[in-house]
Amino acid sequence: MQTESNKSNNIQTNTLNPEQLAAVRNIAGPVMIIAGPGSGKTRVITERIAHLINSGVDSQNILALTFTNKAAKEMKMRIKSLTNNEDSESIWMGTFHSIFARILRQEAAVIGYSNNFTIYDNEDSNKIIRRIIKDWNLDKDIYNPKFIFSRISFMKNNLISPEDYNIHDTLKEQDKRNKRVDFLKIYQKYCQTCRDSNAMDFDDLLINTHKLFQENSSIISYYQEIFKYILIDEYQDTNKAQDKIIKQIGTKYKNVCIVGDDSQSIYSFRGANINNMLNFKKFYKNVKEFKLEQNYRSTQNIVNAANSLIAYNKHKIDKTIFSKNEQGNKIRLFEYSNGREEGAKISSMIEKSILKGRKKSDHAILYRTNSQSKIIEDGLRKKGIHYRIFGGLSFYQRKEVKDVMAFLKLILNHDDDESLIRIINYPTRGIGNTTINKIRNKAEEKNKTIWQTLKSDDFHEIELTNGAKKNVSFFINIMKDLFQKINNNIFEIMELLMDRTGIIRRLKDDPTADNINRLENIGELINSTKLFSMRKNNNHLIDFINEISLDENKLNESITEDHVSLMTIHQSKGLEFSHVYILGLENGLFPSQRNMRERKMIEEERRLFYVAITRAINSVVLSYAISRFQFGTINKTEKSLFIDEINYFFIEKFKQTHEPKIGGHNLMNPPKIDNRKLKKIKLNSQNTFFRKGLEVGQSIIHNVFGKGEIRKIDNSDGNQKITVFFSAGGEKILLTKFAKFEILT
DNA sequence: CGGTAGAATATTTTT
DNA sequence: TATTCTACCG
């Protein structure tokens with residue numbers, strides 16, 4: 001895999017083309033760079049920043065906002081080598097969220113937070129909302145927690161506070177029509193809960209920054225002076241709050257450079273609005289506009305196919321993307337009878353490609369939804385092709401990891417009720433729902449946070465059974481001891497934490513496959529705290545939590561073995577691969593069911609498809625299945641409407657199956673076949689897993705237990721088990737599916 | 001209170 | 001199918 005930043009070797013010469021050069025050199029005043037896919041955008045950005053520094057601009061006066069922290073890191077490295085200047089380290093470069101979190105920690109007191117505030121992720125937010133709805137006995141169908149959360153998020157991204165909502169008739173009308181009359185109350189309560197817990201959710205990082213700047217003229221002028229030069233990548237995917245903040249900061253010096261491609265805007269579900277980009281020229285006068293239209297990445301066929309597709313979108317900036325690379329092969333389209341066949345056939349295509357001498361990492365498989373990864377995984381595994389799935393559940397989102405992290409968060413911020421509730425009975429120590437609710441009610445009554453309640457005399461006012469009281473006291477004591485350690489290094493905190501809570505002991509006592517896996521993950525977390533605490537600076541608890549809350553750190557980034565990449569199209573943004581496979585081109589899946597109703601939404605899905613195609617350097621393979629197994633039933637599907645939008649001149653169609661087509665269905669509602677009777681026969685689709693090359697007598701090294709020797713290999717059921725004797729820990733049975741180890745001999 | 005079995009329910013995409 | 005929720009029993 002390559003990211004755009006290190007793809008510059010694709011640019012034929014070492015020099016920039018005239019348009020790129022102009023975009024790099026024009027550093028004063030507002031600039032808009034429209035950068036088509038593969039147009040050397042990242043190179044232009046890095047060169048531009050390097051040019052700023054070489055022209056004498058102080059690194060500390062540059063604000064560069066990227067879409068991911070990973071992109072920021074890579075760009076920083078390139079800028080450092082371009083400028084040969086150590087100072088380039090001090091550029092303010094990162095995502096909106098991480099940069100603003102940094103500012104907010106600095107200025108927290110001004111807006112009524114303390115600087116150790118917790119950052120809640122979506123799971124935390126959802127739990128809070130679910131609790132509010134439950135506490136108030138609201139109808140779960142009308143007040144669907146997920147929906148409520150996304151609506152709250154929508155409000156926040158559009159800077160609509162509860163007060164604003166209240167005077168916003170159309171919004172109120174909408175909710176009234178849907179009988180969600182209590183939406184405002186929930187919104188208020190949710191905000192209150194976060195604030196009381198000294199916590200911010202992702203959206204709060206934006207709106208609180210906006211508020212901070214809005215209400216404090218001295219602070220905004222301070223940052224206007226700091227951020228004299230502003231550059232924002234992927235501007236097409238900014239939301240209103242982000243756009244406004246940039247306007248707040250940029251209005252003084254107006255050295256604002258936005259980079260983006262309206263055709264690649266794919267985050268409207270998160271509040272992103274292309275109009276931010278389209279209206280840029282209206283807000284600032286004399287905007288210099290540069291269009292990077294030459295695609296250095298893909299073959300002409302791929303670029304032409306993508307162009308013919310995106311031409312169906314009405315809402316877009318006029319531009320002509322072209323390629324001078326070789327013509328290349330046509331895009332290939334395959335029809336399969338079902339998802340399983342799709343997975344198998346695509347896998348064997350990749351296998352053949354690898355046999356031709358290509359690297360696995362030249363291949364990427366892209367899909368619309370995370371759940372589609374499973375079928376292709378099965379296919380690849382059968383062929384023994386290494387792959388890596390990006391995204392899905394990240395390491396830090398795993399339950400057991402979050403549980404341990406909740407202890408750390410609570411140590412840092414005692415008012416973090418969400419974390420406290422999460423761990424008061426983890427591992428189970430006899431504190432059930434009844435007890436927790438009694439405690440919560442008392443805290444509510446006293447208008448205190450839970451920890452404040454527990455540590456004060458109020459605790460004794462709660463009517464608890466003796467047993468419950470003892471258990472809660474036990475928890476309080478654990479936490480008091482841990483709180484003492486707040487300034488120790490994290491590894492020491494972790495050791496005490498494990499010792500006092502017995503998390504590891506408990507898991508070891510009950511070594512089910514799940515628990516072994518959990519144990520390994522916690523082991524990995526402990527390892528990472530060890531590494532973290534060995535850092536020279538920024539090695540405190542707050543730094544650790546900060547990085548984990550906002551960095552999409554995958555922790556297993558270090559996998560070096562050659563592998564095929566599997567990811568959603570959203571995650572492929574900014575990446576490129578020689579050979580790209582796009583699965584599941586079916587109406588209802590891609591474009592997704594929900595987005596098929598509105599033209600605006602279909603345009604977004606089309607942009608998503610455009611992004612997918614333009615990831616490819618040499619070849620694109622598309623596929624769809626005429627039936628798909630989903631939710632335990634087989635559904636007939638129809639090929640995606642996007643397929644025929646690609647000009648036939650650039651695409652080649654293959655049919656693998658000859659089943660008669662059932663015609664005449666309503667496009668919006670593909671017929672469903674009731675499969676309940678068939679289900680009883682149940683295909684034996686057990687997930688088998690065997691690790692290759694294992695032998696009795698081999699010595700291995702395990703990430704938790706260390707060195708050991710294989711004593712026995714058990715392939716009897718679908719899950720391969722090995723018995724290993726560890727010099728440190730004695731004999732253990734491991735499931736090779738989960739165990740993390742390497743063969744030594 | 002904790003564990004579990006069986007029922008109900010859910011699928012976009014993510015900082 | 002995979003995950004979450006609910007009801008019930010020890």
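FYI, side chains are in, hydrogens and waters are out, and symmetry mates aren't considered; it's all heavy atoms of this structure. Residue numbers start from 1 in every chain, and the chains themselves are labelled A, B, ... in the order their sequence lines are given, proteins ahead of strands.
Across the C1' atoms, dT11(B) and dT6(C) are found 22 Å apart, a figure rounded to whole Å.
Between Ser125(A) and Tyr190(A), the side chains place a donor N or O and an acceptor N or O closer than 3.5 Å (distance only, hydrogens not considered). Side-chain polar atoms of Arg518(A) and Asn515(A) form a donor-acceptor pair below 3.5 angstrom. Side chains of Thr238(A) and Asn276(A): a donor on one and an acceptor on the other come within 3.5 Å. With hydrogens and angles left out, the side-chain atoms of Asn413(A) and Thr118(A) include a donor and acceptor closer than 3.5 Å.
Between Asp233(A) atom CG and dT15(B) atom P there is a gap of 15 Å when expressed in whole angstrom units. Distance CG (Asp237(A)) to C1' (dT15(B)): 11 Å, rounded to an integer number of Å. Straight-line distance from the CZ atom of Phe154(A) to the P atom of dT13(B): 21 Å, rounded to whole Å. Note: CD1 (Ile266(A)) to C1' (dT14(B)) measures 10 Å, nearest angstrom. With rounding to whole Å, Asn546(A) atom CG is found 16 Å from dT15(B) atom P. Atom CG in Asp124(A) sits roughly 16 Å away from atom P in dT15(B) (whole-Å rounding). Rounded to whole Å, the distance from CD on Gln372(A) to P on dT1(C) is 18 Å. When the C1' atom of dC1(B) is taken as reference, atom CD1 of Ile436(A) falls 11 Å away, rounded to whole Å.
Side-chain proximity of Thr434(A) to the nucleotides dT13(B), dT15(B), dC1(B) is greatest for dC1(B).
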Going 5' to 3' through nucleotides 5-10 of chain C and flagging B where a protein heavy-atom sits under 4.0 Å of the base, S where only the sugar-phosphate is that close, and - otherwise, we get SS----
Under 4.0 Å protein heavy-atom contacts per nucleotide of nucleotides 3-11 of chain B, with B for base, S for backbone only and - for none: S------BB
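The aromatic rings of Phe642(A) and Phe609(A) lie parallel to each other, with less than 30° between the two planes, well short of the 60° mark. By the 30° and 60° cut-offs, the orientation of the rings of Phe96(A) relative to Phe100(A) is perpendicular.
Contact of Asn370(A) with dT13(B) (side chain to base): no donor-acceptor pair of N or O atoms is detected under 3.5 Å.
Using a 4.0 Å heavy-atom cutoff across all strands shown, Leu589(A) reaches no nucleic acid atom at all. Contacts of Tyr267(A) with the nucleic acid, taken as non-hydrogen atoms under 4.0 Å apart, involve only primed sugar atoms and P, OP1 or OP2. Nucleic acid contact class of Asp121(A) (heavy atoms, under 4.0 Å, all strands): none.
One finds a side-chain N or O of Thr568(A) lying less than 4.0 angstrom from the OP1 or OP2 phosphate oxygen of dT14(B). Using a 4.0 Å cut-off, some side-chain N or O of Asn425(A) falls inside it from OP1 or OP2 of dG2(B). Of the side-chain N and O atoms in Thr435(A), one or more sit less than 4.0 angstrom from OP1 or OP2 of dC1(B).
Ion pairing between a basic and an acidic side chain is recognised when a charged N comes within 4.0 Å of a carboxylate O; Asp124(A) and Lys127(A) show no such pairing.
A distance-only check finds no donor-acceptor pair linking the side chain of Asp243(A) to the backbone of Asn239(A) [under 3.5 Å]. Formation of a donor-acceptor pair under 3.5 Å by the Asn313(A) side chain with backbone atoms of His315(A) is not found in this model.
Judged by the 6.0 Å and 45° rule, Arg131(A) forms no cation-pi pair with Trp136(A).
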